[in-house]
There are 2 protein chains.
Amino acid sequence: MNIGEIARRAGVSRSTVSYALSGKRPVSEDTRRRIQQVVDELGYQPSASARALANGRTSTIGLVFPPAGNHYTGMQLDFIGSVVEAAAACDYDVLLSPSGVDSDRSFQRLLGERRVDGAILMEIRLEDDRADHLARLGFPSVAIGRTAHAEDGWFVGLDHTALAAACVHHLADLGHRRIAFVNRPEQLLRSGYESAHRGLDGFTKAAAERGLTVRTYCCGDDPASGQACLERILHDDPATTGLVTLNEAALGGLYRGLAHAGRHVPRDFSVTGVVANRWAETVTPQLTAADVPAAEMGRLAVDLLVERLGRPEAPPRHHLLVPPISLRASTGPAGA
Amino acid sequence: MNIGEIARRAGVSRSTVSYALSGKRPVSEDTRRRIQQVVDELGYQPSASARALANGRTSTIGLVFPPAGNHYTGMQLDFIGSVVEAAAACDYDVLLSPSGVDSDRSFQRLLGERRVDGAILMEIRLEDDRADHLARLGFPSVAIGRTAHAEDGWFVGLDHTALAAACVHHLADLGHRRIAFVNRPEQLLRSGYESAHRGLDGFTKAAAERGLTVRTYCCGDDPASGQACLERILHDDPATTGLVTLNEAALGGLYRGLAHAGRHVPRDFSVTGVVANRWAETVTPQLTAADVPAAEMGRLAVDLLVERLGRPEAPPRHHLLVPPISLRASTGPAGA
DNA sequence: TTGAAAGCGGTACCAT
DNA sequence: ATGGTACCGCTTTCAA
């Protein structure tokens, strides 16, 4: 059933039906009611494809994130959930595109076939070909994360440098002198993954500032890798008394490694880092950490994108968040 | 740039371009090459909206799941991830719809506006108005989960009754006589959420069969609720020596509650249940559990849907999975 | 082997 | 206040 059918039954023209429904032109109260009645009776809804073709807008936004391979981190998934809900609140649908690079078929479809009005990019790298590609095209998009030269772009990001530094200072203030850094997998670091780089950077600088002895590690995104990583840490320097991690998926494994090594948290060993609070609260003792406000970030990204879609010439805006460290139960004075 | 532009530059008609690209009609090798060259030069890709309008297919599938409110469980999110990737492998895009009931705007859009060719439904209830709605319309869909009368439908599900029963038998075999059941939140149970119902059912029947003393609890989807729930369990019956849970989000809290109560797992208390293996491996000691093969289920759902889309008259098919219990480290003999 | 043209289902301009 | 119609960009039938 199409708009012509409605027009016929209501005894008016197709354009009148269109206007009655969109309100873009005054329609006499009488005919409007008649049309509405037919519409209700038949449960008519205009075809999204036809409408998109006619007015050049799809009312859909694309959400681009790398294929997980094995599994997604909790943080990624929190982003997805919050983006979808925020978009629904604005009557936008969300099309998912598992694309890590701009050559992915799904990414090409999204843009080339004009399936979406704008895009939100997740898992940003410092040099990100997807972001560059979109910028070059002038395609409306917002990044969750911050590229190396993002000052003039649209994004919502976390100041990972500051967050990692804050974790170091927290441990240093508690008297820890020998600490480790547990990063995301080496492959992500090498490919220029933003949080891994900036986090490592912030950790290293802050530790140097405080004159700490440090070791840094990459670690797979799973508990088994976390456990193995912790064993290496204690093997490499048994005097280590604390660690900072960005790797929430490994967190459970890190704790398990500590337990196996007979180190009590937080009495013998302090753990902190940057993770979504869902994970911070899952482990025992609960993790003192800079909580990633994933839900808020997703919402902000949608708001930014909707704003940008509404005013194509608006100057770039962004949100750079620095959530505070939530004191929970996983850190304590060194050598207590 | 559109197909007309390509036609002009290649010196052929629009239909020839269309056929050259789709291969639905023979085109002389010579013109085909000429067209392809223009296409490559200009990076032409046909508009998805126009194509959808013309041939009535969107090459998009809808993924319907309830809005999270607070946050998604790991299992839900694993489903989403695997569905998206499986769909991408078949060159389908995935449109997300956060809809718990068939009156949700987003759900209406998906169907009414014909945005998708088919749909995958998550978080099935025994009586599910979304599933009924789709069935009535004859709209191609596949459920992840099994309604009360699903025998003749398209779905991929877990035999929660059998899984919960298996957990009970596992504990009973180890000599446990007084055990508890930690279900999903009461609101989900009341609304007829499938896994909560069938799981409770399987637990209750199996426990009766084995003559066990049981108590059943509903528990919020978060660590704090898990901890509170465990306190209630030990308060209600301090002699309880084991529990079965479907609530992965509460798992960390259950463990914490046990630790606080001074019960060592698995020496003093055994824990088991039905959860995604990511969670089972995160906690220490790792959870002996029936692992929910979320990734496989998402893939199967997509396969089923693609099959159904290809052959509209195909008879309903389904997969009812009964994953085995993975023995890890959270259960042990009673009173050891 | 190729072209012309009629849809697909809307929107919006130009008339009346 | 309403109607007629061109157009959005592609697919597919019909003709040549």
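Chain letters run A, B, ... following the sequence lines, proteins first and then strands; every chain starts at 1.
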B:Glu85-B:Ser82 side chain donor-acceptor pair, cut-off 3.5 Å: no

Would you confirm whether B:Arg114, through its side chain, and B:Gly112, through its main-chain N or O, come within 3.5 Å as a donor-acceptor pair? yes

Counted 5' to 3', the first and last nucleotides of DNA chain D within 4.0 Å (strictly under) of a heavy-atom of chain A are D:dA1 to D:dG9

If we ignore hydrogens and angles and just use 3.5 Å, is the side chain of A:Asp104 paired with the main-chain N or O of A:Gly100 as donor and acceptor? yes

Can you tell me how far apart CG (B:Asp117) and OG (B:Ser141) are? Round to the nearest 0.5 Å. 13.0 Å

Counting only non-hydrogen atoms, which of residues 105-118 of chain B are less than 4.0 Å from DNA chain D? none

Using 30° and 60° as the class limits, which term best fits the ring planes of A:Phe155 and A:His318: parallel, tilted or perpendicular? parallel

Between A:Arg130 and A:Ser99 (side chain of the first, backbone of the second, donor and acceptor by atom type, cut-off under 3.5 Å), is there such a pair? yes

Between B:Pro26 and B:Asn55, which is nearer to the 5' end of DNA chain C once each is assigned its nearest nucleotide? B:Pro26

Chain A on DNA chain C: first and last contacting nucleotide, 5' to 3', under 4.0 Å to a heavy atom? C:dG9 to C:dC14

B:Glu127 and B:His149 side chains, donor-acceptor separation under 3.5 Å: yes

Can you pull the salt bridge (charged side-chain N to carboxylate O under 4.0 Å, His left out) pairs that have at least one residue in residues 309-318 of chain B, sequence neighbours excluded? B:Glu307-B:Arg311, B:Glu307-B:Arg317

Sorted by number, the residues of residues 10-25 of chain A with heavy-atom contact under 4.0 Å to DNA chain D: A:Gly11, A:Val12, A:Ser13, A:Arg14, A:Ser15, A:Thr16, A:Arg25

Measuring from B:Ser97:OG to B:Leu63:CG, what's the distance to the nearest 0.5 Å? 8.5 Å

Pair B:Arg109-A:Ser59, side-chain donor/acceptor within less than 3.5 Å: no

Let me check something: any side-chain donor-acceptor pairs from residues 18-26 of chain B under 3.5 Å, sequence neighbours excluded? List them with distances.
residue : atom : partner : partner atom : Å
B:Ser22 : OG   : B:Ser18 : O            : 3.2
B:Ser22 : OG   : B:Lys24 : N            : 3.2

If you count every heavy atom of other residues, nucleotides or ligands that lies below 6.0 Å from B:Gln187 atom CD, does the total exceed 12? no

